[in-house]
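In what follows, a structure is listed as structure tokens, so that the remarks can point back to it.
Indexing begins at 1, ligand by ligand and atom by atom, following the structure's order. Please read all numbers here as calculations on a predicted model, not as lab measurements.
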Amino acid sequence: MDPTPLLRVRNLVKRFPIRSGVLSRVTDHVHAVDGVSLDIQAGETLGLVGESGCGKSTTGRCILRLIEPSAGEIWFEGRNVTHLDKRAHRALTRDMQIIFQDPFASLDPRMQVGRIIGEAMVIHRLARNARERQDRVVQLLETVGLHPDHLHRFPHEFSGGQRQRIGIARALAVNPKLIVCDEPVSALDVSIQAQVINLLEDLQQQLGLTYLFIAHDLSVVEHISTRVAVMYLGRIVEVAPSRALYTTPRHPYTEALLSAVPIPDPTVQRKRIVLKGDVPNPIQPPPGCHFHPRCPRAETRCRTETPVLRDMADGHQVACHFPN
Ligand code: SF4
């Protein structure tokens, strides 16, 4: 049996109400997250991948309770933290932090870098005085590859990659155990992406961090992830150790995503699978398997019966009636 995971999520659901009319009545819901369950062991990186709008960022934000889940449970270090009161939740935010996708939007342009990084240390009373706080901020700047002189500069004076390093330093300021990395490199140039991913890997080694690493591109999470979970329209459709997922995908959607990932070796050919149609409307997701209108292997049963995530072998789980 698995040891108690650092994070356990069970049947997480998030529905966003749609309001209309003069009285702003709720007329429908966007089914953003539709029964997600996952475990993350301490020290591992779980990659969470899917097309934009599939619910992966909403999942990350529900875990941190930046938005309230509609249903489901979240456990951290064996403790149910789904319904903590404000004070207990604030204490928990020390253990769980986030790095946002857009380093341009996530840093207050009016604040100097030292204050941005040190703010959470003030909230959690992690320094005895301003001097101690500043020393710690300088140490954090160096840890993420920035210069101590950057302390008094403003975000607009930095490049995109440097701003993301500031975001990482801000997350590290409270010594978290888990960091939700919400598309942390998607807004960066390809050449900078590798540097930021290498930094996150080094920090994980040094500090024993655990990551939920969200990305829309399978190639981004391949090297950093211990395991990868693939999401489609609010549900996890496949989870596997990273290598197994890339070499022997078992869900047709994962196969299609992988077929679009370029292979660096020109002698290796991979047949591109082009999916028909677009991702369906999450206000009215298709019945049965959400993927059936686009699936090349769909059969009658897929239109009515929802496939559950089943254990195959060696940690590989697939939600499909006809897996590979
Ligand atoms: Fe395709 Fe059916 Fe599997 Fe869904 S359950 S992925 S429609 S084969």
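Because the distance cut-off is set at 2.8 Å, Cys320 qualifies as a neighbour of atom 3 (Fe) of ligand 1 through one of its N, O or S atoms.
For atom 5 (S) of ligand 1, the closest non-hydrogen atom of the protein is His321 N, 3.3 Å. Counting protein heavy atoms only, atom 1 (Fe) of ligand 1 is closest to Cys295 SG, 2.3 Å.
Listed by atom number, the atoms of ligand 1 under 4.0 Å from Phe322 heavy atoms are 8 (S). Remark: ligand 1 atoms within the under-4.0 Å shell around heavy atoms of Cys302 are 2 (Fe), 5 (S), 7 (S), 8 (S). Counting the atoms of ligand 1 from 1 in the order shown, those under 4.0 Å from a heavy atom of Cys289 are 4 (Fe), 5 (S), 6 (S), 7 (S). Within the listing of ligand 1, atoms 8 (S) sit less than 4.0 angstrom from a heavy atom of Arg297.
Taking 4.0 Å as the cut-off between side-chain N and carboxylate O, Glu77 and Lys177 count as a salt-bridged pair.
In this structure, Tyr232 and Phe291 have perpendicular ring planes: the angle between them is above 60°, well past the 30° mark.
For the pairing with Leu209, the side-chain contact (heavy atoms from CB on, under 4.5 Å) check across Leu172, Leu178, Thr45 returns one residue only, Leu172. Residue Glu255 is tested with Arg250, Arg297, Arg272 for a salt bridge (Lys or Arg N to Asp or Glu O under 4.0 Å); the sole match is Arg297.
Proximity of His251 to Leu257: side-chain heavy atoms (C-beta onward) are nowhere separated by under 4.5 Å.
A donor-acceptor contact shorter than 3.5 Å is absent between the side chain of Asp189 and the backbone of Ser191.
At a heavy-atom distance under 4.0 Å, only side-chain atoms of His251, from C-beta outward, approach ligand 1.
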